[in-house]
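The structure under discussion appears below in the form of structure tokens.
Computed from heavy atoms alone, side chains included, the values below leave out hydrogens, waters and symmetry copies. Numbers restart at 1 for each chain; the letters A, B, ... are given by sequence-line order, proteins then strands.
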Amino acid sequence: MLDPKLLRESPELVRAAIAKKHLTIDLDAVTAIDSSWRAQLTEVEGLRSKQKAANNEMAALKKGSPEFMAKVQEMKAVSAEVKAKEEGFKALEEQWHAAMLSLPNLPHASVPDGRTPEENRVHATHGDPTATSTCAQPHWEIAGFERLVDFPRGAKVTGAGFPFLIGDGAKLSRSLLQFFLDEDVKAGYTEVSPPIFVNAASATATGQLPDKEGQMYETTPDRLYAVPTAEVPLTNFYRDEILDEAVLPVCRCAYTPCFRREAGSYGKDVRGLNRVHQFDKVELLKWVHPSSSYEELEKLRADAERLLQKLELPYRVLLMCGGDLGFAQSKKYDLEVWAAGQKRWLEVSSCSNFESFQARRAQIRFRNPESGKPELVHTLNGSGLAVPRVFAALLENNLQADGRVKLPAALVPYFGKEYLSFQ
RNA sequence: GGAGAGAUGGCCGAGUGGUCGAAGGCACACCUUUGCUAAAGGUGCAGACCCCAAAAGGGUCUCGAGGGUUCGAAUCCCUCUCUCUCCGCCA
């Protein structure tokens, strides 16, 4: 959510943001709702003020006296008027709120123009995609793959996109998680194990509700949502709280399984492990002072990149253009790992600065020691990292002629052996 | 799952229909005074929103959440959420 004052004082900034993100929003309509909301608010508050003044007078009068009874009669009319006005005002206020939520966050000046994913800027490329294994093939075609990752039985037991991981498959997944968490903790993040179901208030604060309701699994009868990412419970940890300035930045990491319905996905995107309904991910999250959020974004990105470097996987860093940035983000980098078998890049992390956009919605603030006033923190997050696509890239890039997969040295202590076998 | 008790400001806690955004205490900040590592006194100290060009100032809302009764609700009624105690069940 944007600061409503920004809309009033600098509507041209909001207009420019909408244009840069290539969204279609009737800003004039939003402005109109805002002014009538304010006009009605003033009116309703005036009436209430009248009521209050009368109350104080009546408190001094003798109960049941003629003056008192006259006042009661007089105020009955005012009371009815307030009730009538408030009804309309409440409806308008809901509209106002919805209109405010429809405005996107402002993109940072460094965000390149562009409409489509093709116009994202390649910020950096690490490693040589062409140097990877000559016998690379898409992971789902590797002989014996189904012995490690069983889709058909997952479909029988749960549904499409809920594979079983077995043997070395399960172990590789677990090794990656352990490796990620250890590295993240070394980088200064405090590990958290959060609830993996959240209530509607939390899902609303981080923006999954109301727009992306169809992307989450919802439980009956308690109306809890399976988390689509640890970002949701992690960010909501401090919802409605005022932090000490001295504790900033707060850096945390968390492993959770992530659940996504992925309604509307199709084709090559969903082959094998590229897109599944349940996957494991370690998320990095920071609550920072507004003055340092872009510095912190670079650090966050470097922290996520280091994981890929230690795994010796070729990857590239994309700086997302305005049109592909996302509604709530001010600036976003995607990390994409090279999958030699599919000969394509797979997104394994998305590192974003939300500035105060999420914090306003979630009311996460810190107290400015100079003014004594609460101010909104900036929030950032990024994956560090998502397991299945890293899993896929390791299989595809490191497949040997003998049909085994050689694991990177950094992972060997976690996996316990140098080679993964499909037997 | 059953029975009962409760939810008030950073914390503790008073307040059962009116002048209560809320006594008192603690904590915190500043000031004064006295002075052997502290005491006493004073002042301030919740958040959000609106009006105002801004400052000053003014107004409204918030006593777990939502709704209701009433001229008027922290206080009465209803629903929900959470916490605690006891019983039951169970990793």
Side-chain angles (χ1 to χ4, degrees), chain A residues 1-11 30-101 103 193 195-205 209 218-225 233 236-247 356-377:
Chain A
M1 190 174 163
L2 286 177
D3 186 350
K5 287 194 189 80
L6 184 74
L7 176 69
R8 286 164 209 156
E9 286 159 17
S10 320
V30 175
T31 313
I33 290 173
D34 183 48
S35 12
S36 54
W37 171 76
R38 283 190 288 163
Q40 282 201 29
L41 179 66
T42 308
E43 211 176 318
V44 169
E45 285 184 352
L47 285 173
R48 287 208 192 113
S49 172
K50 212 159 143 188
Q51 274 186 310
K52 265 191 132 163
N55 277 347
N56 292 348
E57 283 178 46
M58 288 170 79
L61 290 175
K62 190 164 180 265
K63 214 169 268 186
S65 67
E67 303 95 308
F68 186 89
M69 296 316 288
K71 215 64 181 155
V72 168
Q73 283 312 311
E74 188 191 331
M75 292 321 290
K76 267 189 182 175
V78 176
S79 177
E81 197 186 349
V82 169
K83 264 189 190 132
K85 281 248 161 61
E86 270 184 342
E87 208 166 306
F89 178 68
K90 242 180 224 173
L92 180 64
E93 190 153 52
E94 266 172 45
Q95 266 186 52
W96 180 84
H97 202 235
M100 284 301 158
L101 288 179
L103 300 177
S193 180
I196 61 171
F197 289 95
V198 293
N199 57 30
S202 296
T204 304
L209 293 179
E218 186 184 347
T219 64
T220 309
D222 297 306
R223 291 215 53 200
L224 296 175
Y225 298 88
N236 276 282
F237 184 88
Y238 284 128
R239 172 153 54 87
D240 298 323
E241 294 192 26
I242 300 172
L243 310 175
D244 276 341
E245 189 193 42
V247 308
S356 60
F357 196 80
Q358 279 187 332
R360 179 171 292 104
R361 209 158 158 162
Q363 284 300 301
I364 304 171
R365 295 170 290 173
F366 69 96
R367 199 172 292 280
N368 182 328
E370 275 167 40
S371 64
K373 293 288 169 200
E375 291 176 22
L376 294 165
V377 301

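- Comparing A/Lys76 and A/Ile242 by the nucleotide of RNA chain B that holds the closest heavy atom to each, the one mapping nearer the 5' end is A/Ile242.
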Going through the distances and angles, do A/Phe357 and A/Leu2 end up as a side chain to side chain contact (heavy atoms under 4.5 Å, CB included)? CA-CA 6 Å; A/Phe357 196 80; A/Leu2 286 177; 4.2 Å; yes
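- Rounded to whole Å, the C1' atom of B/G67 lies 31 Å from the corresponding atom of B/C11.
- Rounded to whole angstrom, the span from the CZ atom of A/Arg223 across to the P atom of B/U81 amounts to 13 Å.
- Whole-Å rounding puts the A/Asp240 CG to B/G10 P distance at 12 Å.
- Residue A/Asn56 places its side chain closer to B/U19 than to any other of B/U19, B/A48, B/G18.
- Atoms CD (A/Glu81) and P (B/C71) sit 16 Å apart, rounded to a whole Å.
- Put simply, CG on A/Leu61 is 14 Å from P on B/U19, counting in whole angstrom units.
- B/A7 and B/C12 have their C1' atoms separated by 14 Å, with the value rounded to a whole Å.
- B/G68 and B/G13 have their P atoms separated by 32 Å, given to the nearest Å.
- The 5' end of RNA chain B is approached more closely, in terms of each residue's nearest nucleotide, by A/Lys63 than by the other of A/Gln51 and A/Lys63.
- Atom CZ in A/Phe89 sits roughly 9 Å away from atom C1' in B/C49 (whole-Å rounding).
- Within the structure, every side-chain polar atom (N or O) of A/Arg367 is placed at least 4.0 Å from both OP1 and OP2 of B/A46.
- B/G21 and B/U16: their P atoms are spaced 16 Å apart (whole Å).
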Secondary-structure string, 5' to 3', Watson-Crick or G-U under 3.5 Å, | for another-strand partners, for RNA chain B: ((((((((.[[[..)..(.....]]].(((((.......))))).((((((.....)))))).[[[[[..)....]]]]])))))))....
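- Side chain of A/Ser79 to backbone of A/Met75: no donor-acceptor contact under 3.5 angstrom is found.
- In this structure, CD of A/Glu57 is placed 11 Å from C1' of B/U19, rounded to the nearest angstrom.
- A salt bridge links A/Glu218 to A/Arg223: one of the charged nitrogens lies within less than 4.0 Å of a carboxylate oxygen.
- Separating the P atom of B/G42 from that of B/C26 is a span of 12 Å, rounded to the nearest Å.
- Not counting sequence neighbours, the partners of A/Glu43 by the salt bridge (charged side-chain N to carboxylate O under 4.0 Å, His left out) test are A/Lys85.
- Atom CG of A/Asn368 and atom C1' of B/G47 are 16 Å apart (whole Å).
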Tell me, for nucleotides 50-67 of chain B in 5' to 3' order, what letter each nucleotide earns: B for a base near a protein heavy atom under 4.0 Å, S for only sugar-phosphate near one, - for neither? SS-------BBS-----S
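- For the atom pair A/Met1 CE and A/Gln363 CD, the distance stands at 8.5 Å (nearest 0.5 Å).
- Under 4.0 Å is where a charged nitrogen must lie from a carboxylate oxygen, and between A/Glu74 and A/Lys50 no such pair does.
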Show your reasoning for whether side chain to side chain contact (heavy atoms under 4.5 Å, CB included) applies to A/Tyr238 and A/Val377. CA-CA 11 Å; A/Tyr238 284 128; A/Val377 301; over 6 Å; no
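- Using C1' as the reference atom, B/U75 and B/A3 are 27 Å apart when rounded to the nearest Å.
- The interatomic distance linking A/Glu245 (CD) with B/A29 (P) rounds to 16 Å, in whole Å.
- For B/U79 and B/G17, the C1' atoms lie 22 Å apart once the distance is rounded to whole Å.
- To the nearest 0.5 Å, the span separating CD on A/Glu375 from CG on A/Leu243 amounts to 12.5 Å.
- Nucleotides B/U62 and B/A74 place their P atoms 7 Å apart, quoted to the nearest Å.
- Note that the CD atom of A/Gln95 and the CD1 atom of A/Ile33 stand 5.0 Å from one another [nearest 0.5 Å].
- At least one donor-acceptor pair under 3.5 Å links the side chain of A/Thr219 to the backbone N or O of A/Leu224.
- Dashed line: the shortest gap from a side-chain N or O of A/Ser79 to OP1 or OP2 of B/U70 is not under 4.0 Å.
- For the pair A/Lys373 and B/G47, the criterion of a side-chain N or O lying under 4.0 Å from OP1 or OP2 is met.
- Using modelled atom types, no side-chain atom of A/Asp244 and backbone atom of A/Ala246 make a donor-acceptor pair closer than 3.5 Å.
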